[in-house]
Each structure stands twice: as structure tokens, then as C-alpha cells.
Amino acid sequence: MIATPDRTPLTREFFDRPVLEVAPDLLGRVLVHTTPDGPIELRLTEVEAYDGENDPGSHAYRGRTPRNGVMFGPPGHVYVYFTYGMWHCMNLVCGPEDQASAVLLRAGEVIVGAEHTRRRRLSARNDKELAKGPARLATALGVDRALDGADACAGPDNPFALLTGTPVAPDQVRSGPRTGVAGDGGVHPWRYWIANDPTVSPYRAHAPRRRT
DNA sequence: GTTACGATTTACT
DNA sequence: GTAAATCGTAACA
């Protein structure tokens with residue numbers, strides 16, 4: 001029996017901590033995105049930490065650019081990037097400011113508004129696949145670069161918010177290498193997920209692209 | 001201006 | 001299991 005999720009918004013202070021502390025603490029939290037179709041709510045089941053300018057796997061590794069500028073801003077905001085010419089992925093910026101660390105939201109369980117996500121996720125064979133993977137998660141929510149920089153701490157009446165939810169017990173948190181991260185960026189066990197959760201995406205090693 | 005590649009997903013053998 | 005899809009971004013010339 002799962003307790004009723006706490007709908008108090010997560011505070012700026014929650015995100016203004018080292019990213020390796022925030023990332024596992026996000027599991028079980030509830031993301032709210034209000035779309036033109038209606039609200040969608042997602043319980044986070046899998047995340048990945050990216051530790052600022054010293055992390056070879058991070059978009060911030062080579063310094064600030066037009067794309068990653070939000071990562072260098074205050075914590076508690078959304079960083080959205082476009083990749084592979086097709087997909088969007090979303091992150092939450094963690095503090096302290098100028099550290100440029102963030103948590104990639106890799107997977108979740110849709111708990112409200114599944115009917116809206118199914119229209120965007122026609123290849124999903126069941127509801128567990130609606131947000132099983134970072135690009136699938138963003139697609140299910142209808143998130144794109146328009147949300148880049150949005151404040152996740154402004155409360156549930158805003159287009160985007162993170163609520164306290166029901167954080168998972170520490171003994172239910174698992175960790176391992178990050179998925180699809182090249183080179184030295186793949187060595188750290190900075191991927192976190194909820195044990196035995198059916199919405200967690202499978203691990204994949206980085207696949208170098210073949211020459212044309 | 002040109003080039004190489006990506007914090008992925010999907011379809012197909 | 002492998003390969004195609006598809007284009008913004010950043011590095012390099």
C-alpha cells in the first residue's frame with residue numbers, strides 16, 4: 001500500500017545541494033506538467049547525475065555555450081536539449097549556482113493523464129513504456145526546448161513543477177554506470193533507479209557511430 | 001564553410 | 001542482434 005503522495009512543491013533548497021545527493025533523492029518524486037490537453041503527472045523511477053564542468057560525460061564539460069546556458073544558472077530550473085536530430089531530453093539543474101550540474105530524468109511511471117501521453121507515444125506497446133527512457137519521457141510529456149529554463153519550484157499551478165511525492169526508501173535505490181555515455185564519462189555509477197520497477201529503462205553501453 | 005557526432009529510439013534481419 | 005533515422009551544435013579549417 002502506497003501512501004498518498006505529498007503534493008508540496010520541492011523547494012529551491014532541495015536542488016541547491018551536491019548533485020550526487022539530489023539525484024537519488026528525486027526517485028519517487030512527482031513531476032507535474034500542465035499541457036493544453038490537461039495535466040500529466042509522472043513518478044520518477046530512474047535518473048542520472050551529471051557533475052558540472054569536471055565531468056567528461058556532461059554537456060557542461062567544455063564550458064558554457066548557447067545550448068547549455070541554463071546548466072550554469074540557478075538550481076531548480078529545467079534544462080532541455082535536442083539530440084540525434086529527433087529527440088528531446090530533460091534535466092533538473094542542481095546547485096550551487098555556476099556549478100553546472102544537473103540530473104537527467106531517464107524514466108518514470110505515468111500516474112495522471114496517461115491518455116494524453118499515449119497519443120504522442122504510439123510505438124509504446126504498454127503503459128510501462130510510455131516514459132521508459134529519457135527521450136520517451138520528454139516525448140510523453142510533450143516537452144521541447146520551449147521549456148528550457150522553466151522554474152520547477154514555482155508550484156503546481158505553473159506549467160511545470162516537482163512535488164514531494166513519496167520518496168523511496170534508501171534500500172530500494174540501486175545505482176550503476178550511466179547509459180550511453182562515451183569514454184571516461186561512463187566510469188562513474190551515477191545512474192540511479194528504483195529496484196525492480198518495471199518502468200526503468202535497460203542499460204546500454206555507448207555505441208560509437210559508424211563512418212559513412 | 002565544413003564536418004563529425006550525439007546523455008536515443010525504432011524497425012528490421 | 002544490427003542499422004537507419006535526422007539535424008542542431010560545436011569544433012575545426
Side-chain angles (χ1 to χ4, degrees), chain A residues 15 18-20 22-24 26-27 31 42 44-73 75 77-94 99-108 110 117-149 152 174-193 198-212:
Chain A
F15 295 99
V19 66
L20 296 184
V22 176
L26 279 167
L27 297 174
L31 179 164
L42 186 89
L44 294 175
T45 59
E46 181 193 357
V47 299
E48 255 172 24
Y50 287 85
D51 192 14
E53 294 184 87
N54 299 317
D55 177 0
S58 171
H59 289 170
Y61 185 55
R62 289 178 170 81
R64 185 176 193 145
T65 67
R67 174 170 78 153
N68 68 16
V70 170
M71 292 183 85
F72 290 79
H77 289 252
V78 184
Y79 165 51
V80 181
Y81 66 89
F82 182 66
T83 190
Y84 288 98
M86 288 167 266
W87 312 111
H88 294 272
C89 296
M90 68 185 310
N91 301 255
L92 295 168
V93 177
C94 295
Q99 182 128 353
S101 59
V103 176
L104 173 68
L105 307 185
R106 288 199 55 92
V110 178
T117 74
R118 289 188 197 109
R119 286 202 292 278
R120 288 187 280 265
R121 292 279 304 117
L122 297 179
S123 65
R125 290 172 298 185
N126 57 64
D127 282 4
K128 296 180 179 81
E129 292 186 351
L130 287 173
K132 185 186 240 180
R136 289 170 168 184
L137 184 152
T139 301
L141 294 171
V143 162
D144 60 23
R145 287 278 285 169
L147 197 71
D148 190 50
R174 298 289 179 274
S175 69
R178 295 180 293 187
T179 292
V181 176
D184 295 340
V187 302
H188 300 111
W190 290 348
R191 174 177 178 244
Y192 302 91
W193 66 93
T199 66
V200 172
S201 72
Y203 173 78
R204 287 193 201 94
H206 175 70
R209 176 205 206 194
R210 299 190 325 148
R211 258 193 44 119
T212 50

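Quick note: numbers below take in every heavy atom, side chains included, and nothing from hydrogens, waters or symmetry partners. Per chain, numbering begins at 1; letters A, B, ... match sequence-line order.
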Can you sort out the partners of A:Pro56 under side-chain contact (heavy atoms from CB on, under 4.5 Å), two or more places apart, ordered by chain and number?
A:Tyr61, A:Asp184

Closest to the 5' end of DNA chain B, once A:Pro208 and A:Ala124 are matched to their nearest nucleotides, is A:Pro208

Using the heavy-atom set of chain A and a strict 4.0 Å cut-off, write down the first and last nucleotide of DNA chain C that makes it in, 5' to 3'.
C:dA3 to C:dA11

I'd like to know whether CZ of A:Arg62 has more than 12 heavy-atom contacts from other residues, nucleotides or ligands below 6.0 angstrom.
no

Could you tell me whether A:Asn54 atom CG has more than 12 heavy atoms of other residues or ligands within 6.0 Å of it?
no

For DNA chain C, the residues among residues 126-141 of chain A that have a non-hydrogen atom under 4.0 Å from it:
none

Per the under-4.0 Å heavy-atom filter, residues of residues 53-66 of chain A near DNA chain C come out as A:Arg62, A:Thr65, A:Pro66

So, using salt bridge (charged side-chain N to carboxylate O under 4.0 Å, His left out) as the criterion, who are the partners of A:Arg64 when residues are at least two apart?
none

When you measure from the side chain of A:Arg120 to the backbone of A:Thr139, do you find a donor-acceptor pair of N or O atoms at a distance under 3.5 Å?
yes

Listed partners of A:Thr199 passing side chain to side chain donor-acceptor pair (under 3.5 Å), at least two apart:
A:Thr45, A:Asp197

Classify A:Arg106 by what it touches in the nucleic acid, base, sugar-phosphate, or nothing, heavy-atom distance under 4.0 Å.
sugar-phosphate

Closest approach to the side chain of A:Ser123, judged atom by atom: which nucleotide of B:dC5, B:dT10, B:dA7 is it?
B:dT10

Value for CG (A:Leu137) from NZ (A:Lys132), rounded to nearest 0.5 Å, stands at 13.0 Å

Using the rule for Phe, Tyr, His and the six-membered ring of Trp, do A:Tyr84 and B:dT8 stack at under 5.5 Å and under 30°?
yes

A correct dot-bracket answer for DNA chain C, with pairs being Watson-Crick or G-U at under 3.5 Å, [ ] for crossing pairs and | for inter-strand pairs, is |||||.||||||.

For A:Arg178, answer base if it contacts any base atom (sugar-phosphate contacts may also be present), sugar-phosphate if it contacts only those atoms, and nothing otherwise; contact means non-hydrogen atoms under 4.0 Å.
nothing

What is the separation between atom CZ on A:Arg121 and atom C1' on B:dT8, rounded to the nearest whole Å?
11 Å

If you measure from CG on A:Leu141 to CZ on A:Arg136, what distance do you get to the nearest 0.5 Å?
14.0 Å

To the nearest Å, give me how far apart CG (A:Asp148) and P (B:dA7) are.
15 Å

Just call it for A:Arg191: base, sugar-phosphate, or nothing, with non-hydrogen atoms closer than 4.0 Å on any strand.
nothing

Tell me which of A:Arg145 and A:Trp87 sits closer to the 5' end of DNA chain C, going by the nucleotide each one is nearest to.
A:Trp87

Whole-Å gap separating P (B:dC5) and CZ (A:Phe82):
19 Å

A:Arg191 and its side-chain contact (heavy atoms from CB on, under 4.5 Å) partner, picked from A:Val200, A:Val181, A:Val47:
A:Val200

Donor-acceptor list for residues 99-107 of chain A side chains, cut-off 3.5 Å, not counting sequence neighbours:
residue: A:Ser101; atom: OG; partner: A:Cys94; partner atom: O; Å: 3.3
residue: A:Arg106; atom: NE; partner: A:Glu46; partner atom: OE2; Å: 2.9
residue: A:Arg106; atom: NH2; partner: A:Ser201; partner atom: OG; Å: 3.4

Quick one: side chain to side chain donor-acceptor pair (under 3.5 Å) partners of A:Arg178, sequence neighbours excluded?
A:Asp55

Could you give all pairs that pass the salt bridge (charged side-chain N to carboxylate O under 4.0 Å, His left out) test and reach residues 81-91 of chain A, with sequence neighbours left out?
none

Run A:Arg119 and A:Thr117 through side-chain hydrogen bond (donor to acceptor under 3.5 Å, both in side chains) and show every step you take.
CA-CA 5 Å; A:Arg119 286 202 292 278; A:Thr117 74; over 6 Å; no

Distance, rounded to the nearest Å, where A:Met86 contributes CE and B:dC5 contributes P
16 Å

Without decimals, in angstroms, what is the distance between A:Arg67 CZ and B:dC5 C1'?
11 Å

Could you give the CZ-to-C1' distance, from A:Arg209 to B:dT3, as a whole number of Å?
10 Å

Between side-chain atoms of residues 65-73 of chain A and protein atoms elsewhere (two or more places apart, or another chain), which donor-acceptor pairs fall under 3.5 Å?
residue: A:Thr65; atom: OG1; partner: A:Arg67; partner atom: N; Å: 3.4
residue: A:Thr65; atom: OG1; partner: A:Asn68; partner atom: N; Å: 3.4
residue: A:Thr65; atom: OG1; partner: A:Asn68; partner atom: OD1; Å: 3.4
residue: A:Asn68; atom: OD1; partner: A:Thr65; partner atom: N; Å: 2.7
residue: A:Asn68; atom: ND2; partner: A:His59; partner atom: O; Å: 3.0
residue: A:Asn68; atom: ND2; partner: A:Gly63; partner atom: O; Å: 2.9

To the nearest angstrom, how far is A:His88 atom NE2 from B:dG6 atom P?
19 Å

On the nucleotide B:dA11, are OP1 or OP2 found under 4.0 Å from the side-chain N or O atoms that A:Arg125 carries?
no

Mind checking side-chain contact (heavy atoms from CB on, under 4.5 Å) for A:Leu20 and listing every partner two or more places apart, or none if nothing turns up?
A:Ala49, A:Trp190, A:Tyr192

